[in-house]
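All ligand and atom numbering here is 1-based and tracks the order in the structure.
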Amino acid sequence: MNNLINKIFSKRYTFFYLANFVGILLVSASIFSALMLARHQAEEKEISRLDSLNANVLERMQKTSEQFAHTVKSLSMFPPDQACSEASIGSMQQIAISGGLLQAIGYLKDNQFACSSQAGILNGLDLGTPGIVEPGGVRVWVDITLPKAPGRKYLVIERNGYAAVLLPIDAVDFYASPNTSIGLFDIKSRFFYTSKGLIKAEWIRAYQGGVEPAFIDEKKEYLVSIRPSPSGKTAVLAAIPTSEISRSVLGFAQILIPLGIFFALGLSAIIIYLARHRYSAKSELAAALKNDEFYLEYQPIIDLRTKACIGAEALVRWRQSDGTLVRPDLFIPLAEESGLIRQITKHVLDLITRDMAELLRRYPDFHLGINLSSADLQSEETVQLLETMISEIGPGKGRFVIEATERGFLNDGVAQKVVNSIRNLGMQVAIDDFGTGYSSLSYLTKFELDFLKIDKTFVDVVGTDAVTSHVAFHIIEMAKSLNLKMVAEGIETETQAAILLERGVVYVQGWLFAKSMSPQDLMAYVDSH
Ligand code: C2E
Ligand code: MG
Ligand code: MG
């Protein structure tokens, strides 16, 4: 059955390819977006790490400059001639002990330490001309080496003669790590007071001061963030190798990719579910009904004795919107399975009413075979549908022959009632495809029937030396003994026709005489036969 479905619903096939394609696309897209997102998240994380490093360094610097201002203010209460008094030096020592980054305090005369909290080291030290002179009267000496501390670069700031000695590396040392470069520089002169780790001159070449977004350097090796101090004179630079970002990406990707795939699969499942629904046999058939894709063809039934066309069998056809013709033995079972057969039957009866009204008016004795499925025989509503058809076309005695396969007579309770009602409407009833289905023949005694249709499979072997070539004759004998009229189906050769007539079969249909045709062609066919 699945094969049949696939054969019929080539659209469905296409759809499932499409659904698979969409699924793969969604999963790939979600992996791609997860990676992009992971990359973005990792960058954001590393940037905020650098920013917080910068903020810490700046805060430390701010604190130090406040301490220096405070120091100058408190020592300025000594008049210049007492700047090196015992009390003043005592205060200097006090401040140096609790001064955080301020290592030592002293008093300068002609750029030379006159006195200090560290008399043995600083007193008498000549600083020379200051490296930087700031507008507020602050003077700065950088790269000062002290005796007994070779290799260490000190910085001295002075105002009103009072000077503080600092070790700038202290400002950054605390925050640097093996993978982090950090430096403190003068924005105007690009001079680095101190730095730790690799710092490239090109990173600050374009820096104009102010807050600018973090950036990845030209060689894509480092992520760099620069922040100015509140005074706008100095800035802190922090940098990490981009390999750190990649490591973070991995961390984020491990969470985001499975999450992305999960959502993509969920979304695909929803799409496939909706598609399945949309392209289920039922919805496909329902759409075909709505779009009026079903129509009827009629295959003439011939009286072998006169070769006259005495009737026809209505056979439903389904032409899909793309022009594909679907055979009824493919879609009728699907309609039966999906419960849509009753609607199709109703539609078939409507089509018969439209197609046959005129022909039946012109030929009141014309017999019309109508196929019902077993589900139709299980519903009393079928009788009402047939009644409606009769009321529109006119009854005509024995004019309609209802065909049902043996399976229709299986559940004899309801089916028997329906068959009786059909016969009470003046219609005849035929067993279609006799001998091909239900194995028990007991229904033959329970149902009142009029016709037996000999299936094409038995007709095919008539007149051949196949072992089954005699089955048709047994069926004929049985029909005779049950008082059933016969129609043989699928006559394709003159030999078959001759043998069957000889055996007493009068009515036949088959390609030897005519294939199924449109109602217009049938009218012309009947007119000429
Ligand atoms: P069926 O009622 O036994 O219809 C006879 C089938 O044999 C038709 O096939 C017809 O075209 C085919 N046939 C007739 N003469 C020859 C011949 O000489 N050679 C060959 N090779 N075939 C011949 P079709 O139209 O494909 O219908 C197949 C089956 O579909 C029908 O078998 C019937 O069971 C079902 N069917 C058709 N129309 C309806 C309908 O309106 N309602 C229901 N429930 N079933 C229908
Ligand atoms: Mg039939
Ligand atoms: Mg048949």
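The closest approach of E313 to the Mg ion (ligand 2), by N/O/S atoms, is made by OE2. In D432, the N, O or S atom that comes nearest to the Mg ion (ligand 2) is OD2. Distances from the Mg ion (ligand 2) to each N, O or S atom of E403 single out OE1 as the nearest.
Residue nearest to atom 27 (O) of ligand 1, selected from A514, P328, A314, P300: P328 (by heavy-atom distance). With distances taken over non-hydrogen atoms, the option nearest atom 45 (N) of ligand 1 out of N371, I344, L512, T405 is N371. For atom 22 (N) of ligand 1, the nearest non-hydrogen atom from the set F434, F331, F513, W511 comes from W511.
The proximity of I370 to ligand 1, defined as any non-hydrogen pair under 4.0 Å, does not occur for either the backbone or the side chain. Residue contacts with ligand 1 for E489 involve side-chain atoms from C-beta outward but no N, CA, C or O (heavy atoms, distance under 4.0 Å). Contacts of K453 with ligand 1, taken as heavy-atom pairs under 4.0 Å, are absent altogether. Residue contacts with ligand 1, taken as heavy atom pairs separated by less than 4.0 Å, involve K456 solely via side-chain atoms from C-beta onward. Counting heavy atoms under 4.0 Å from ligand 1, residue L315 touches it through both backbone and side chain.
For F366 and Y298, the distance between ring centers is not under 6.0 angstrom.
Heavy-atom contacts of G490 reach the following atoms of ligand 1: 15 (N), 16 (C), 17 (C), 18 (O) (cutoff under 4.0 Å). Atoms of ligand 1 found under 4.0 Å from any heavy atom of D433 (numbered from 1 in listed order, with element): 3 (O). Close approach to G510 involves these atoms of ligand 1, each under 4.0 Å from a residue heavy atom: 15 (N), 18 (O). Near V348, meaning under 4.0 Å from any of its heavy atoms, are these atoms of ligand 1: 41 (O). In the vicinity of L372, heavy-atom distances shorter than 4.0 Å reach the ligand 1 atoms 44 (N).
Counting heavy atoms from C-beta on, the side chains of Y295 and R317 come closer than 4.5 Å. Counting only heavy atoms from C-beta outward, the side chains of T468 and T457 never approach each other to under 4.5 Å.
For atom 9 (O) of ligand 1, the nearest protein heavy atom is 4.0 Å or more away. Less than 4.0 angstrom separates atom 32 (O) of ligand 1 from none of the non-hydrogen atoms of the protein. Less than 4.0 angstrom separates atom 12 (C) of ligand 1 from none of the non-hydrogen atoms of the protein.
Paired with R342 under the rule side-chain contact (heavy atoms from CB on, under 4.5 Å), one option of H347, E381, E336 passes, and it is E381.
A cation-pi geometry, defined here as NZ or CZ lying under 6.0 Å from the six-membered ring centre and within 45° of its normal, holds between R503 and F473.
Scanning all heavy atoms of the two residues, the minimum distance from E221 to D217 falls at N-OD1, 2.7 Å. The minimum heavy-atom distance between W318 and A288, with the atom names listed, is NE1-CB, 3.5 Å. Pairing each heavy atom of L285 with each of S338, the nearest pair is CD1-OG, 4.0 Å. Contact between I393 and I352 at its shortest, heavy atoms only, is CD1-O, 4.1 Å. Pairing each heavy atom of Q428 with each of D450, the nearest pair is CA-OD2, 3.3 Å. The two residues S30 and I261 have their closest heavy-atom pair at OG-N, 3.8 Å.
E313 counts as a contact of ligand 1, since one of its heavy atoms falls under 4.0 Å from the ligand. Using a 4.0 Å heavy-atom cutoff, S516 is absent from the residues neighbouring ligand 1. Within the 4.0 Å heavy-atom cutoff, E336 does not count among the residues contacting ligand 1. Proximity of Q299 to ligand 1 is established by a heavy-atom distance of less than 4.0 Å.
Of the protein's non-hydrogen atoms, E492 OE2, 2.6 Å is the one closest to atom 19 (N) of ligand 1.
Separation of atoms CE (M356) and CG (L296) is listed at 8.0 Å; rounding is to 0.5 Å.
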Full working for side chain to side chain contact (heavy atoms under 4.5 Å, CB included) between V487 and Q509: CA-CA 7 Å; V487 180; Q509 60 187 104; 3.9 Å; yes
CA sep, side-chain torsions, deciding dist, call: R361, E358, salt bridge (Lys or Arg N to Asp or Glu O under 4.0 Å): CA-CA 5 Å; R361 212 173 304 125; E358 176 162 9; 5.5 Å; no
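A perpendicular orientation is assigned to the rings of F409 and F447, their planes being inclined by more than 60° (bins at 30° and 60°).
In terms of polar-atom proximity, defined here as any N/O pair under 3.5 Å, V316 does make such a contact with ligand 1. Considering both main-chain and side-chain atoms, D376 never comes within under 3.5 Å of ligand 1 through any nitrogen or oxygen pair. On a distance-only criterion, Q509 and ligand 1 share no N/O pair closer than 3.5 Å.
Here the angle at the Mg ion (ligand 3) defined by OD1 in D433 and OE2 in E489 stands at 160°, rounded to 10 degrees.
Under the ring-ring contact (aromatic ring centres under 6.0 Å, His included) criterion, the residue pairs touching residues 505-529 are Y525-H529, with sequence neighbours excluded.
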